[in-house]
Every structure is written in structure tokens, then in C-alpha cells.
Amino acid sequence: MELEELKNKWNELDKHVKAQDEKIKELTDQVTANKVKSPLAMLRRHCLVSAIFVPFLLPFFFWCYGVSELNCPEWQKMLLYVLTWVFVGFIFVRELYLYFELKSINVGRETALEAMKRVIKFRKHYNGGVLIALVMGMAMLLVMFSSIDVSFAVSGTAGVVIGGIFGAKLYRKYIDAVDEMEKTLSEWMG
């Protein structure tokens, strides 16, 4: 009888240890998911705010063009206006796209591997969008510099410097958040 009793107690203890291991795994998964959700929420908020703010750049750009009284041929003015519309439109659509791409990352309801794939996809799309925006901005700047208007060239340069500083800080913030999510997810995958 003692042997049978000992076996029963051992099985009970084994069940208890397995239940505790499951609770620890659930808590670990929950903590890890929360570590990913924080930078994810920050990125979502930022993309949404950017998508709301970016359309207001159009009136600002056109006001700047009006103040500097573009002294260039009509085709150059039209090219600049078209490039400005395309640039602002691209940034607006890009921010909305990135917002919905971030919204599709659902840590806690998907595996760490699936979340990692989505984060990597986001990084790729974000970096590609930054590259396209840089090329578009440089095209606008070339049109500005070719106008041979000193005040316009100076304001364009000031815009590039201010935009470059702001853009570099923003880029670093995005990349740091993505790095944090990737690190947490890779640790979670083991």
C-alpha cells in the first residue's frame, strides 16, 4: 500500500509542477507580448498623427512658394507644384499604409515567428518609403535650386536642413522601436 500511495502522491506532485510550468509560460508570454505592444502602440500613434498632420504641409509649401515669388519659367513652377503634390500625397498614403501594417501585428494572438515576420516586413517597407521620400525631396530641391532665385534656394536649403534633422530623429525613433520589438520577439522564440 505504501508504494501505491507514494506513486499517487508523486503523480499529484508532477501534475502540480506541470500546472505551475504552464502558468509561468503564460506569464512569460504575457510579459513579452506587453514588451512588444509598447513600441508597437507608439509607432501606430505616430503614423496616425503623421497621416493627419501631413496634408497640412501642402498649404505651407504653397505659402512658401508664394512668399518667395518664384522667378522661374512657368513649366518649372508647374513641375514644382506637381512634385509637391506627389511628395505630400506619397507621405500621406505611406503613413496610412504603415499604420495599417502595424495594426496587423497582433502579438499574443499570433506566434512570435508570425509577429517577427510582420515586423521585418514593416522595417522593409518603412526603409523603402524613406528612400523614395528622399529621392522625391531631392528632386524638389533640384527644381528649387535651378530657379536661380537666391531667396528660394536659401529657403529650400533651410527646409532641407530642418526636414533632415527632424527626419533623422524620426527615423532613429522608428528604427529603435523596431529593433526593440525584434529583440524581444527573438528572445521569445528562444
Side-chain angles (χ1 to χ4, degrees), residues 36-105 115-183 185:
V36 172
K37 287 179 183 178
S38 178
L40 188 60
M42 183 274 301
L43 287 172
R44 281 187 202 147
R45 263 190 325 275
H46 194 274
C47 285
L48 190 58
V49 167
S50 293
I52 292 168
F53 171 73
V54 163
F56 294 106
L57 288 176
L58 274 177
F60 174 73
F61 276 124
F62 294 145
W63 175 79
C64 288
Y65 298 159
V67 167
S68 64
E69 299 174 11
L70 300 174
N71 295 326
C72 56
E74 280 302 310
W75 69 268
Q76 204 169 6
K77 288 179 187 177
M78 291 309 293
L79 179 60
L80 187 58
Y81 283 117
V82 168
L83 284 173
T84 302
W85 271 100
V86 170
F87 178 73
V88 171
F90 171 76
I91 299 296
F92 175 74
V93 169
R94 176 180 162 260
E95 290 298 325
L96 281 178
Y97 176 78
L98 291 175
Y99 171 78
F100 286 111
E101 195 168 347
L102 287 167
K103 204 158 174 65
S104 74
I105 300 171
M116 179 66 98
K117 285 179 184 178
R118 291 181 193 274
V119 169
I120 291 169
K121 181 180 170 187
F122 171 80
R123 179 192 291 270
K124 184 175 117 181
H125 289 162
Y126 177 73
N127 285 335
V130 167
L131 183 62
I132 292 169
L134 280 172
V135 168
M136 293 171 83
M138 294 308 290
M140 286 173 54
L141 193 61
L142 284 173
V143 172
M144 287 179 196
F145 279 131
S146 66
S147 73
I148 310 173
D149 184 303
V150 176
S151 67
F152 196 52
V154 169
S155 63
T157 304
V160 167
V161 169
I162 292 168
I165 292 169
F166 178 72
K169 285 186 176 199
L170 193 60
Y171 180 79
R172 189 73 256 155
K173 188 175 188 178
Y174 268 59
I175 294 303
D176 287 347
V178 171
D179 287 345
E180 183 181 338
M181 288 189 300
E182 284 181 346
K183 180 182 174 207
L185 288 170

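All figures in this text were calculated on a predicted structure; none of them were measured in a lab.
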### Query
Can you tell me how far CE of Met78 sits from CG of Leu83, rounded to the nearest 0.5 angstrom?
11.0 Å
### Summary
For Phe92 and Pro55, the nearest pair of non-hydrogen atoms, with its separation, is CD1-CG, 3.7 Å
### Message
With rounding to the nearest 0.5 angstrom, report the OG1 to CG distance, Thr84 to Leu79.
### Response
9.0 Å
Kindly list each side-chain donor-acceptor pair under 3.5 angstrom involving residues 162-173, sequence neighbours excluded, with atom names and distances?
unit_1: Tyr171; atom_1: OH; unit_2: Asn127; atom_2: OD1; d: 3.0
unit_1: Arg172; atom_1: NE; unit_2: Asp176; atom_2: OD1; d: 3.0
unit_1: Arg172; atom_1: NH2; unit_2: Asp176; atom_2: OD1; d: 3.0

### Query
So do the side chains of Tyr174 and Phe122 get within less than 4.5 Å of each other, counting heavy atoms only?
yes
### Straight-line distance of Met181 CE to Arg118 CZ, nearest 0.5 Å
12.5 Å
### Task
Scan for salt bridge (Lys or Arg N to Asp or Glu O under 4.0 Å) pairs involving residues 120-139, sequence neighbours excluded, and state none if there are none.
Arg123-Asp179, Arg123-Glu182
### Query
If you round to the nearest 0.5 Å, how far is NE2 of His125 from OH of Tyr97?
4.0 Å
### Summary
Between Ile105 and Leu40, the two heavy atoms sitting closest are O-CD2, 3.6 Å
### Task
Would you check if Arg94 and Val130 make a side-chain contact, meaning some heavy-atom pair closer than 4.5 Å?
yes
### Query
ring pair (Phe, Tyr, Trp, His ring centres under 6.0 Å) between His46 and Tyr99: does it pass, once the steps are laid out?
CA-CA 8 Å; His46 194 274; Tyr99 171 78; over 10 Å; no
#### Entry: Atom pair CG (Leu96) and CD (Glu101), whose distance is rounded to the nearest 0.5 Å
12.5 Å
## Note on the structure
What one should report as the nearest heavy-atom pair of Glu95 and Cys47 is OE1-CA, 3.4 Å
### Message
Rounded at 0.5 Å granularity, tell me how far CG in Leu43 sits from OH in Tyr126.
### Response
9.0 Å
